[in-house]
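Everything on this sheet refers to the single structure shown next.
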Amino acid sequence: MSQFWKPGSEKPRLLDDEEGGVLFYSASASSSSGFGYSNIEKQRQRLPVYKYRTAILYLVETHATTIIVGETGSGKTTQIPQYLKEAGWADGGRVIACTQPRRLAVQAVASRVAEEMGVKLGEEVGYTIRFEDLSKTGVTMVKFLTDGVLLREMMDDPLLTKYSVIMVDEAHERSLSTDILLGLLKKIQRRRPELRLIISSATIEAKSMSTFFQTRKRRGLEGEESGPRTDPAILSVEGRGFNVQIHHIEEPVPDYLQAAVSTVLSIHEQEPMGDILVFLTGENDIDAAVQLLNEEAQNNGKHSSGLVVLPLYSGLSRADQDLVFSPTPRGKRKVVISTNIAETSLTLEGIVYVVDSGFSKQRFYNPISDIENLVVAPISKASARQRAGRAGRVRPGKCYRLYTEEYFVNEMSAHAIPEMQRSNLVSCVIQLKALGIDNILGFDWPASPSPEAMIRALEVLYSLGVLDDDAKLTSPLGFQVAEIPLDPMISKTILSSNQLGCSEEIITIAAILSVQSIWVSARGAQRELDEAKMRFAAAEGDHVTYLSVYKGFIQSGKSSQWCYKNFINYHAMKKVIEIREQLRRIAQRLGIVLKSCERDMEVVRKAVTAGFFANACCLEAHSQGGMYKTIRSAQEVYIHPSSVLFRVNPKWIIYNSLVSTDRQYMRNVISIDPSWLMEAAPHFYRQQRNPIAS
DNA sequence: GAGCACTGC
C-alpha cells in the first residue's frame, strides 16, 4: 500500500490547475501487475477508477468538496469508499458514508464492498435502508445508505457528526431527497470544516454542482488560511462500457409505437443475434406493442418467429418482472418493452439493441391548482445517452432513436428538470422546518423551486395546523407530523385518529395507501379482478374496503394462496405489513394509543377528513357521468374507475390523490358528511364561498 | 372504464 498517497506526504502530480480552482488530474496508468494479490484485488486494480486513486485521495484531503464525474463501469461507487477507508478516514471511530437514491443499489453495493474487503456485511461494511439497518455503531466504518435515510438521521444529529466523508452518489439524477441533502450538506460544511463531501455524478453537470458548492474562502486567525480549500475540485473518470452506434431516424415519425414495432422487426430480420430493449412510456403503450409484435409473429411467422416479447413496468407482479431476467432460450431473441424502469432502476444483461421512443412519462406540478400531472414528454439528452448506454454492457451495441438527429441536437434539453421543480413540496418543507431551517424562501437549493410552489406548501402546512402564524412548527402537532415518514396529510390523519379512537384502522389504511396498489394488475382478467374487488367492497369507499382486505389477509394467516384467489398482490401486502409495523412503532413513540374502533366506520371517515379536508369534492347536481367539483377550487374531477365508488357517486367525498390523463381522476375516495369539514378545518372553509350550505 | 419511476423513524 506504500505506493499510495497518504495525508501529509508530498502531493501527487497534477497537470492542470485551471482558474476557478478546478483541478483536473490526468493519470498515467501505473497499475503494478499484482503478483501475490488475490483475485479480487486484481479485479479492483483493473477498474478505471484505480489509476485515479492517489489523485482522489489528494483532492479529498485538500478540498472540502470533490466532484467526481464518472460513467457507469468506472468503479467509483465501490472503490472510492474503500480508498478512503484505506487512507484512514474511518480511523478514530469516524464513518465514511455513501448515499444512493435507491435501496436495491444500497444493498447491492454494500454486499459487493463487504466481499471485496473480506468482511461480514453489517460489521466494518454496513448499510441502512428503510426497515433494515445492517450497521453497527462503533464497528461500521463504511456505511451505505439511501439519501432519504441520511436526511432522517439529520433529525437526531443535524451536523452528521459521526461522518468524516459523505459521498453522494448518482447526484445527476437530481431526486428530491438528493437535492435537499445537497442543500443541507452545504450548510453543514460551514459549521464543520473538517467534513469532506464527494459528489458523484454521471454527467458534466459537474460544473453547476461546482458553482453550487463554491463558497467564500474561510480565513483563520490573522488572515491565515485554515482548513481545506473551499472551492470544489472536479475529477473525471472514464467508464468502461462498449461502443454503441447511434442511428437516428431520417424523418420524424407520426406514431412512435408503430415505429418501435417495425424497428424491432427489422432489427430481428437484419441484425445478428442479441436481445432488444425498447423504451416506451407506460403500461398501455407497452401492452399494445407486445400485442402487435405477438400478432406479427403469428401472421408472419418467418420474420418474427424466434422473438420472445416481454413487457416490463413497475405495476407488474414480481413473477412477471422476473421473466425479463430469465436467460433467452437458444436460437431465440428476447425483446423487452419497458418503461423508464430499465433506464436506471433495473439493469438487463445481454442487451445489444436499444430502441428509444424519445418519450417518457414525467411528473409536473402546478402550484396554482396544487395538482401533480403525469404527462408524456420528450426526454433529455442525458436520458437519451443513458438509454443508449444500455446497449453496450456486454459487447458493442446499437441504438435506434425514433427521432431525428436534428431534433436531438437542437430541440432536446440537456438535462431533465430537477424533481424539486416538478413536485409538491409539503414533505420537503416540513423536513427542513424540523431541522430548524426557518427561512425556507431563502434556502440555498441546488435548483430553486418556484416561490409559488414553496408558498403553496407553506399554506397547506398552515391549514393542517402544522405551522403557526410565524411559519414555525407547532407543538406538539407540527413536530409529530414531521416525525412520521409519510405525506403530512396522512400523518395528520394518523394523529387525529388518536382522539377518535381508531388508530389501528388508520395505521392500516396509511400503510396500504403507501404502496402502489394491493390489487394484481388485471392483464386480461379485468372481470375477475372487478368481481374479487366487489367481495371486499364497502359502501363508505376504498379506505374501508382496504380494511376488509387487510382483515382477510391476516385471517388467512398472511397466505399467498389467499392473495392469489382474491386477486391481491402478495408482495404489496407483505410491504403493507412492514410499513404498518414501522408506523405502529412511531405512533407508540409519539404517545398515540393503539386502539380499534371495531365496527364504527364513522370515526375512520372523520379521521380521514381531519387530514384530507382540502381534497373534499361535491357531486355536480345535474351533471351526467359523475362529474365532481373540488370545494377548494371548483376543479372538475371524476372518480377513478378502479374505485369501489365508481358509478356509485355519493354526494360528498374526499379523495386521496388525483391522477390526470384525459381527465382528472380521483384515486382512493371515501364518502363523508359535509358538516365534518367545518369541524375539521373551520379556518380553511370559513372564507370559501360556502357550497356546503346548498 | 384505467395506472412513469423512485424514496422515508
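Below, chain A is the first sequence line, B the second, and so on; all start at residue 1.
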Do A:Thr344 and A:Gln386 get their side chains close enough for a donor-acceptor pair, meaning under 3.5 Å?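 Result is no, nothing qualifies.
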Rounding to an integer number of Å, can you tell me how far [X] [atom1] sits from [N] [atom2]?
X: A:Glu170; N: B:dA5; atom1: CD; atom2: C1'; answer: 14 Å
X: A:Met666; N: B:dA2; atom1: CE; atom2: C1'; answer: 14 Å
X: A:Tyr127; N: B:dT7; atom1: OH; atom2: P; answer: 13 Å
X: A:Asn340; N: B:dG3; atom1: CG; atom2: C1'; answer: 16 Å
X: A:Glu132; N: B:dT7; atom1: CD; atom2: C1'; answer: 15 Å
X: A:Asp542; N: B:dA2; atom1: CG; atom2: P; answer: 17 Å
X: A:Asn668; N: B:dA2; atom1: CG; atom2: P; answer: 17 Å
X: A:Asp487; N: B:dT7; atom1: CG; atom2: P; answer: 17 Å

To check you understand the geometry: which heavy-atom pair defines the closest contact between A:Phe279 and A:Ser357, and what is its length?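 Here A:Phe279 and A:Ser357 meet closest at O-OG, 2.8 Å.
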Taking the minimum atom-to-atom distance to the side chain of [X], which one of [options] wins?
X: A:Ile129; options: B:dG8, B:dA5, B:dA2; result: B:dG8
X: A:Val149; options: B:dC9, B:dA5, B:dA2; result: B:dC9
X: A:Arg585; options: B:dA2, B:dC9, B:dC6; result: B:dC9
X: A:Ile341; options: B:dA5, B:dA2, B:dG1; result: B:dA5
X: A:Asp530; options: B:dG1, B:dC9, B:dA5; result: B:dG1
X: A:Tyr665; options: B:dA2, B:dG8, B:dC6; result: B:dA2

Would A:Glu173 and A:Arg102 count as a salt bridge (Lys or Arg N to Asp or Glu O under 4.0 Å) if you check the C-alpha gap in whole Å, the side-chain angles of each, and the deciding distance to 0.1 Å? CA-CA 11 Å; A:Glu173 286 188 22; A:Arg102 281 172 291 281; 2.8 Å; yes
5' precedence on DNA chain B between A:Ser642 and A:Arg152 (nearest-nucleotide basis):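 It is A:Ser642 whose nearest nucleotide is closer to the 5' end.
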Name the nucleic acid region contacted by [X], choosing base, sugar-phosphate or nothing; use a 4.0 angstrom heavy-atom cut-off, strictly under.
X: A:Ser345; answer: sugar-phosphate
X: A:Asp147; answer: nothing
X: A:Arg130; answer: base
X: A:Val659; answer: nothing
X: A:Gln582; answer: base
X: A:Gln431; answer: nothing

Does [X] make a side-chain N or O approach to OP1 or OP2 of [N] shorter than 4.0 Å?
X: A:Thr146; N: B:dG8; result: yes
X: A:Arg103; N: B:dG8; result: yes
X: A:Ser175; N: B:dT7; result: no
X: A:Asn284; N: B:dG3; result: yes

May I ask you to check whether A:Tyr628 and A:Tyr638 place their ring centres under 6.0 Å from each other?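 Judged by ring-centre distance (under 6.0 Å), A:Tyr638 and A:Tyr628 do not meet the cut-off.
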May I ask you to decide if A:Glu504's main-chain N or O and A:Thr508's side chain share a donor-acceptor pair within less than 3.5 Å?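 Yes; at least one donor-acceptor contact below 3.5 Å.
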May I ask you to decide if the ring planes of A:Tyr403 and A:Phe408 are parallel, tilted or perpendicular, using 30° and 60° as cut-offs?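 It falls in the parallel class, under 30°.
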